[in-house]
Amino acid sequence: MTLKEIRALIADDIDAVDQLILNRLSSDVVLINQIGHYIINSGGKRLRPLLVLLSARACGYQGTDHLTMAAVIEFIHTSTLLHDDVVDESDTRRGNQTANEVWGNAASVLVGDFLYSRSFEMMVEPGIMRIMQVMSEATNVIAEGEVLQLLNIHDADTTEERYMEVIHRKTAKLFEAATQMGPILTGRTDLEEAFVLYGRHLGAAFQLIDDALDYLADEEELGKNVGDDLAEGKPTLPLIYVLQNGNDNEKQIIREAIEKDGAERLEEVTAIIKNSGAIAYTQKLAQSEAEKAKSALASLEASELKEALKSLADLAVYRTH
């Protein structure tokens with residue numbers, strides 16, 4: 001099933017969420033409207049809100065609170081992007097200038113705070129304490145993941161285990177929370193753990209491929225500068241693999257690139273990564289995570305929506321941007 005076919009299954013829900021996002025972005029502070037609309041309308045995949053909608057419908061949900069929670073998840077994700085771009089000093093995202101590049105760091109951080117607080121204002125609306133428990137824990141874990149990643153910056157001794165811990169906290173946790181909304185909204189406690197595992201493994205697969213694409217993708221198609229992770233000193237799995245399995249010369253080059261001069265050695269590092277088996281190793285691990293995600297849904301009743309969720313796991317791995 002293609003992404004277009006998946007979206008077609010819940011097209012009305014997607015349109016409703018898009019409208020809700022625009023409505024709830026509204027503020028009488030003009031700069032909030034400008035930056036909020038700029039980042040929300042900048043061509044993101046909207047994968048996380050899609051997961052909320054699919055999980056709810058796959059569990060048989062017939063109400064409208066899933067629309068609210070899809071918008072909440074997107075606002076939280078967008079707020080993390082605004083903050084990430086400031087921390088990483090990024091100038092490009094999704095092929096456009098980042099908000100901090102256009103309006104400055106202070107405005108980006110503060111509007112990120114607005115989106116974050118607006119999401120909490122909205123998540124109260126369904127009146128379900130379990131939603132508040134899940135979302136408050138998720139946002140806390142994501143913040144911890146951001147700090148853990150910061151501690152790994154320029155650290156060439158970062159292990160695969162520490163790298164995966166960052167992925168699970170920083171990326172997979174929001175996927176997990178998104179997919180959990182379906183069983184929570186429908187009271188299907190028997191399915192909650194299945195959807196937690198599905199989201200966790202899907203998020204890990206997605207981030208692993210993102211980190212591989214940083215050395216593979218076409219810059220225009222990727223929507224950001226290729227090699228950004230290296231330039232920022234982030235020891236992602238392709239680099240960690242070479243540090244563990246490369247020859248002495250390759251290890252030294254990668255170590256120096258992580259610790260001090262990544263941007264200047266991007267071409268050299270990329271060649272080492274492509275010839276070392278690092279990309280294949282990262283892709284294989286992503287495929288394993290995707291299979292675990294699909295297997296987690298074994299107890300969910302058969303439906304077209306279940307197949308859509310399983311297809312998303314494959315699409316997370318077999319993509320070019």
Side-chain angles (χ1 to χ4, degrees), residues 1-24 40 44-78 119 122-135 138 171-203 205-206 290-317 319:
M1 207 179 287
T2 65
L3 187 57
K4 185 177 180 180
E5 290 169 337
I6 292 169
R7 290 182 181 279
L9 292 175
I10 51 169
D12 290 344
D13 280 353
I14 290 172
D15 290 342
V17 170
D18 287 346
Q19 188 57 53
L20 182 61
I21 285 171
L22 291 174
N23 291 344
R24 300 307 292 267
I40 287 286
K45 301 177 184 70
R46 296 271 171 94
L47 181 55
R48 293 156 189 83
L50 179 63
L51 288 168
V52 176
L53 301 177
L54 288 172
S55 71
R57 293 307 192 194
C59 290
Y61 186 65
Q62 296 299 316
T64 58
D65 285 335
H66 67 315
L67 306 177
T68 300
M69 292 314 301
V72 164
I73 291 287
E74 184 66 4
F75 280 172
I76 290 174
H77 176 55
T78 303
S119 72
M122 292 171 66
M123 74 177 71
V124 177
E125 294 170 11
I128 301 173
M129 180 56 71
R130 182 66 180 143
I131 286 177
M132 296 300 297
Q133 290 172 331
V134 168
M135 295 307 305
T171 302
K173 192 64 181 179
L174 193 57
F175 278 73
E176 190 180 302
T179 54
Q180 231 173 319
M181 290 303 108
I184 290 174
L185 288 169
T186 53
R188 293 290 305 273
T189 55
D190 59 310
L191 288 174
E192 194 170 333
E193 182 62 19
F195 275 88
V196 166
L197 292 173
Y198 169 79
R200 182 180 303 163
H201 292 300
L202 174 64
F206 186 87
E291 289 303 318
K292 289 176 184 176
K294 291 189 288 185
S295 296
L297 296 177
S299 59
L300 179 65
E301 297 87 351
S303 70
E304 203 169 15
L305 290 159
K306 177 179 179 178
E307 292 309 309
L309 287 165
K310 292 170 71 174
S311 293
L312 272 180
D314 291 326
L315 290 170
V317 175
R319 60 192 173 94

* Asked: Going through the distances and angles, do Leu305 and Leu300 end up as a side chain to side chain contact (heavy atoms under 4.5 Å, CB included)?
  -> CA-CA 10 Å; Leu305 290 159; Leu300 179 65; over 6 Å; no
Side chains of [X] and [Y]: closer than 4.5 Å at any heavy-atom pair?
{"X": "Thr78", "Y": "Glu74", "answer": "yes"}
{"X": "Arg130", "Y": "Glu192", "answer": "yes"}
{"X": "Met135", "Y": "Ile76", "answer": "yes"}
{"X": "Arg57", "Y": "His66", "answer": "yes"}
{"X": "Thr68", "Y": "Thr64", "answer": "no"}
{"X": "Leu191", "Y": "Cys59", "answer": "yes"}

Ignoring hydrogens, what is the shortest heavy-atom contact between [X] and [Y]? Give both atom names and the distance.
{"X": "Leu315", "Y": "Thr2", "value": "CD1-C, 4.1 Å"}
{"X": "Ala177", "Y": "Ala138", "value": "CB-CB, 4.0 Å"}
{"X": "Asp13", "Y": "Leu67", "value": "O-CD2, 3.7 Å"}
{"X": "Ala70", "Y": "Val17", "value": "CB-CG2, 3.8 Å"}
{"X": "Ser55", "Y": "Gly182", "value": "OG-N, 3.2 Å"}
{"X": "Ile6", "Y": "Ala308", "value": "CD1-O, 3.6 Å"}

* Asked: Under 4.0 Å between a Lys/Arg side-chain N and an Asp/Glu carboxylate O for Glu125 and Arg24?
  -> yes
* Identify whether the distance between the nearest side-chain nitrogen and carboxylate oxygen of Glu301 and Arg188 falls below 4.0 Å. => yes
Does [X] use its side chain to pair, donor to acceptor, with the backbone of [Y] at less than 3.5 Å?
{"X": "Arg46", "Y": "Leu50", "result": "no"}
{"X": "Tyr198", "Y": "Leu309", "result": "yes"}
{"X": "Arg319", "Y": "Ala316", "result": "yes"}
{"X": "Thr179", "Y": "Phe195", "result": "yes"}
{"X": "Lys306", "Y": "Leu297", "result": "yes"}

With rounding to the nearest 0.5 angstrom, report the [atom1] to [atom2] distance, [X] to [Y].
{"X": "Arg48", "Y": "Met181", "atom1": "CZ", "atom2": "CE", "answer": "14.5 Å"}
{"X": "Ser311", "Y": "Glu304", "atom1": "OG", "atom2": "CD", "answer": "10.0 Å"}
{"X": "Leu174", "Y": "Ile73", "atom1": "CG", "atom2": "CD1", "answer": "4.5 Å"}
{"X": "Met69", "Y": "Leu53", "atom1": "CE", "atom2": "CG", "answer": "11.5 Å"}
{"X": "Arg7", "Y": "Asp15", "atom1": "CZ", "atom2": "CG", "answer": "10.5 Å"}
{"X": "Met1", "Y": "Leu9", "atom1": "CE", "atom2": "CG", "answer": "5.5 Å"}

* Apply the test side chain to side chain contact (heavy atoms under 4.5 Å, CB included) to residues Val134 and Ile184: give CA-CA distance (whole Å), side-chain angles for both, the deciding distance (0.1 Å), then the verdict. => CA-CA 10 Å; Val134 168; Ile184 290 174; 3.7 Å; yes
* Are Leu47 and Leu312 close enough, and set up right, to give a side chain to side chain contact (heavy atoms under 4.5 Å, CB included), and what steps lead you there? -> CA-CA 9 Å; Leu47 181 55; Leu312 272 180; 3.8 Å; yes
* To do: Please lay out, stage by stage, how Ile128 and Met132 fare under the test side chain to side chain contact (heavy atoms under 4.5 Å, CB included).
  => CA-CA 7 Å; Ile128 301 173; Met132 296 300 297; over 6 Å; no
* **Residue pair Asn23 / Gln19, side-chain donor-acceptor N/O under 3.5 Å** => yes
* Asked: Taking only residues two or more places apart in sequence, or in another chain, which ones meet Phe175 in a ring-ring contact (aromatic ring centres under 6.0 Å, His included)?
  -> Phe206
